Amino acid sequence: MDGTFSLVLLLLFLWCLCSRRMERFELTAPAAFVLLGLLLGEGTGVLDLPLPHETVKVLAEITLVWVLFTDASRLSFRALRPELGLYLRLLGIGLPLCVCLGTLLAAVVLPGVSGWAALYVGAALAPTDAALGATMMVNPVVPARIRRLINVESGLNDGIATPLVVLALAGVSAAEGAAGPDATGHALVQLAVGAAYGAVVGLAAGWLLRTTLRNGWAADDFAGAGVLALALLGYTSSLAIGGNGFVAAFVAGLAFGSTHGAPQRVLLYVEQTASLFSVLVWLVFGALLLPEAFGHFTWQTVVYAVLSLTVIRMLPVALCLIGSGLDARTVLFVGWFGPRGLASIIFGLLAVEELKTPDTQAVVPVVACTVLLSVLAHGLTSAPLANRYGKAATTKDLGPAGTTQDELPVRGMAAGGLHRGWRRGGAGAS
């Protein structure tokens with residue numbers, strides 16, 4: 001075990017040394033560590049990860065908590081105000097349509113998947129991950145307005161989808177007798193308690209940090225570690241009072257981000273830590289989850305994965321952007337760059353732990369197959385499509401006059417060596 005742990009640490013350090021060079025080959029950290037996990041794990045047996053399910057679950061939960069908190073806390077409502085209508089269209093109309101269409105097609109295409117299990121598939125594969133299109137997200141030929149649109153959607157849709165995933169897992173367990181008949185009602189109560197509790201924790205913690213920094217009580221150098229602990233505190237304490245920890249972490253991040261007033265490097269520390277854990281999740285995905293899922297891939301699994309990356313994603317985006325002023329080329333571009341990544345993997349890992357029924361073998365391979373195809377498809381098309389679209393972008397896509405369109409931070413890019421810094425004057429969107 002010590003040798004395996006040392007190998008993982010060596011891989012992380014080697015990636016740190018060559019990450020910028022890998023940009024030239026369009027190789028992102030998620031793609032690299034999925035391939036490394038698959039090659040060194042299943043391929044050669046060099047990477048042996050005899051991790052019990054409980055350890056994998058803890059890794060997934062901690063990563064999701066930090067990702068949800070950081071995505072929410074670095075959201076600058078003032079910076080988003082000029083394009084608020086577009087964000088509301090994608091998150092308030094496009095995302096629900098994506099979940100509904102994904103649920104419907106899961107029930108039609110996937111054998112043995114219906115009801116709550118279909119909802120789980122639709123919700124788990126609705127969130128997007130801009131890090132898989134990292135080269136596009138830092139490509140200056142793509143208008144910053146469009147990059148920001150894709151980035152903000154990616155940062156918030158996992159937090160919005162999380163309650164649906166939790167509810168669906170509870171419904172599957174109840175339907176199969178693995179939980180009590182009131183499991184779904186109990187899950188709804190947990191979601192409400194988690195949201196209310198997270199708001200209180202985030203507002204109080206943000207006010208306290210701003211006040212202590214202003215009065216010289218808190219040291220900037222330790223503030224990042226404190227915020228890191230705060231995110232986990234929101235999760236664990238919410239569980240202790242009967243709330244949903246994931247929702248609490250997301251809402252706490254939203255509330256904290258609007259009140260903390262801390263230097264940008266404080267949240268950058270939290271983001272980099274979350275990025276490190278995200279890379280480990282990608283490695284576990286390649287070494288453990290993919291090999292287990294391969295044996296359960298069917299032609300229906302592949303068909304649904306293709307539909308998830310195309311019709312299920314692109315049709316809702318097209319419908320919600322009708323009348324937005326964006327041309328057809330831009331709508332297609334935004335629709336295509338909806339990679340499935342980290343959040344979907346974590347939801348898959350949670351399903352492995354939570355579902356003790358045959359439904360696990362039916363739904364988890366779909367998630368694994370979709371993410372794998374997304375890593376390949378979006379990784380290969382990120383640069384060429386970005387260059388092609390950027391050259392043809394109209395002046396309407398350049399953003400409101402008089403606004404500063406800085407480079408945007410993208411989840412996972414700090415770990416991937418592609419981080420370009422934070423927006424001046426406030427945190428950018430994930």
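Residue indices begin at 1 and follow the sequence shown. A quick note: this is a predicted structure, and the numbers were derived from the prediction, not measured.
With no hydrogens or angles considered, no side-chain donor-acceptor pair links Tyr120 and Thr103 at under 3.5 Å. At a cut-off of 3.5 Å, with distance as the only test, a side-chain donor of Thr301 or Thr298 sits close to an acceptor on the other residue. Looking at Asn157 and Thr128, their side chains do bring a donor and an acceptor atom within 3.5 Å of each other. Judged purely by distance below 3.5 Å, without hydrogens or angles, the side chains of Thr381 and Trp336 pair a donor atom with an acceptor atom.
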**Message:** side-chain contact (heavy atoms from CB on, under 4.5 Å), that's the test. Do Leu349 and Val281 meet it? Break it down for me.
**Reply:** CA-CA 9 Å; Leu349 292 173; Val281 170; 4.3 Å; yes

**Message:** If you apply the rule side-chain contact (heavy atoms from CB on, under 4.5 Å), what do you find for Val201 with Val251, and how did you get there?
**Reply:** CA-CA 9 Å; Val201 169; Val251 176; over 6 Å; no

**Request:** Carefully, step by step, assess Phe347 and Thr162 under the rule side-chain contact (heavy atoms from CB on, under 4.5 Å).
**Result:** CA-CA 8 Å; Phe347 292 149; Thr162 296; 3.6 Å; yes

**Message:** I'd like to know whether Leu149 forms a side-chain contact (heavy atoms from CB on, under 4.5 Å) with Leu90, so could you lay out the CA-CA distance, the side-chain angles of the two residues, the decisive distance to 0.1 Å, and finally the verdict.
**Reply:** CA-CA 9 Å; Leu149 181 63; Leu90 282 175; 3.5 Å; yes

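Remark: the backbone N or O of Val270 is not paired with any side-chain donor or acceptor of Trp66 at under 3.5 angstrom. A donor-acceptor pair is defined here as one N or O able to donate and one able to accept, closer than 3.5 Å; such a pair exists between the side chain of Arg89 and the backbone of Ile322. In this structure, the side chain of Arg340 engages the main chain of Gly338 through a donor-acceptor pair within 3.5 Å. The closest donor-acceptor contact from the side chain of Arg313 to the backbone of Cys98 lies at 3.5 Å or more, if one exists at all. Looking at Ser154, its side chain does come within 3.5 Å of a backbone N or O of Ala130 through a donor-acceptor pair. Between the side chain of Thr212 and the backbone N or O of Leu209, at least one donor-acceptor pair lies under 3.5 Å. Without hydrogens or angle criteria, Ser114 side chain to Ala107 main chain gives no donor-acceptor distance under 3.5 Å. With hydrogens and angles disregarded, a donor-acceptor distance shorter than 3.5 Å links the side chain of Ser344 to the backbone of Ala124. Ser258 places a side-chain N or O within donor-acceptor distance of the main-chain N or O of Ala255, the cut-off being under 3.5 Å. Within the 3.5 Å criterion, the main-chain N or O of Ala386 finds no donor-acceptor partner in the side chain of Asn139.
Each of Cys369, Ser308, Pro339 was compared with Ser374 under the side-chain contact (heavy atoms from CB on, under 4.5 Å) criterion, and only Pro339 meets it. Under the side-chain contact (heavy atoms from CB on, under 4.5 Å) rule, Met136 has a single partner from Asn387, Leu385, Ile150, which is Ile150.
The two residues Pro316 and Gly94 have their closest heavy-atom pair at CB-O, 3.5 Å. Between Leu68 and Phe250, the shortest heavy-atom contact is O-CD1, 3.7 Å.
A salt bridge is defined here as a Lys NZ or Arg NE, NH1 or NH2 lying under 4.0 Å from an Asp or Glu carboxylate O, and Glu83 with Arg145 meets this definition. Comment: Glu153 does not engage Arg147 in a salt bridge, judged by the lack of any side-chain N to carboxylate O separation of less than 4.0 angstrom.
Here Tyr235 pairs with Phe246 under the ring pair (Phe, Tyr, Trp, His ring centres under 6.0 Å) rule; sequence neighbours left out. With sequence neighbours left out, the side-chain contact (heavy atoms from CB on, under 4.5 Å) criterion links Ala161 to Pro127.
With a 4.5 Å cut-off on side-chain heavy atoms, Phe33 and Leu12 count as touching. In this structure, Val375 and Trp282 have side chains that are in contact, with non-hydrogen atoms separated by less than 4.5 Å. Leu332 places a side-chain heavy atom less than 4.5 Å from the side chain of Met314.
Ring geometry for Phe333 against Phe337 counts as tilted: the plane angle lies between 30° and 60°, on a 0 to 90° scale.
Summarising the local packing, CZ of Phe222 is surrounded by 12 or fewer heavy atoms from other residues, nucleotides or ligands at distances under 6.0 Å.
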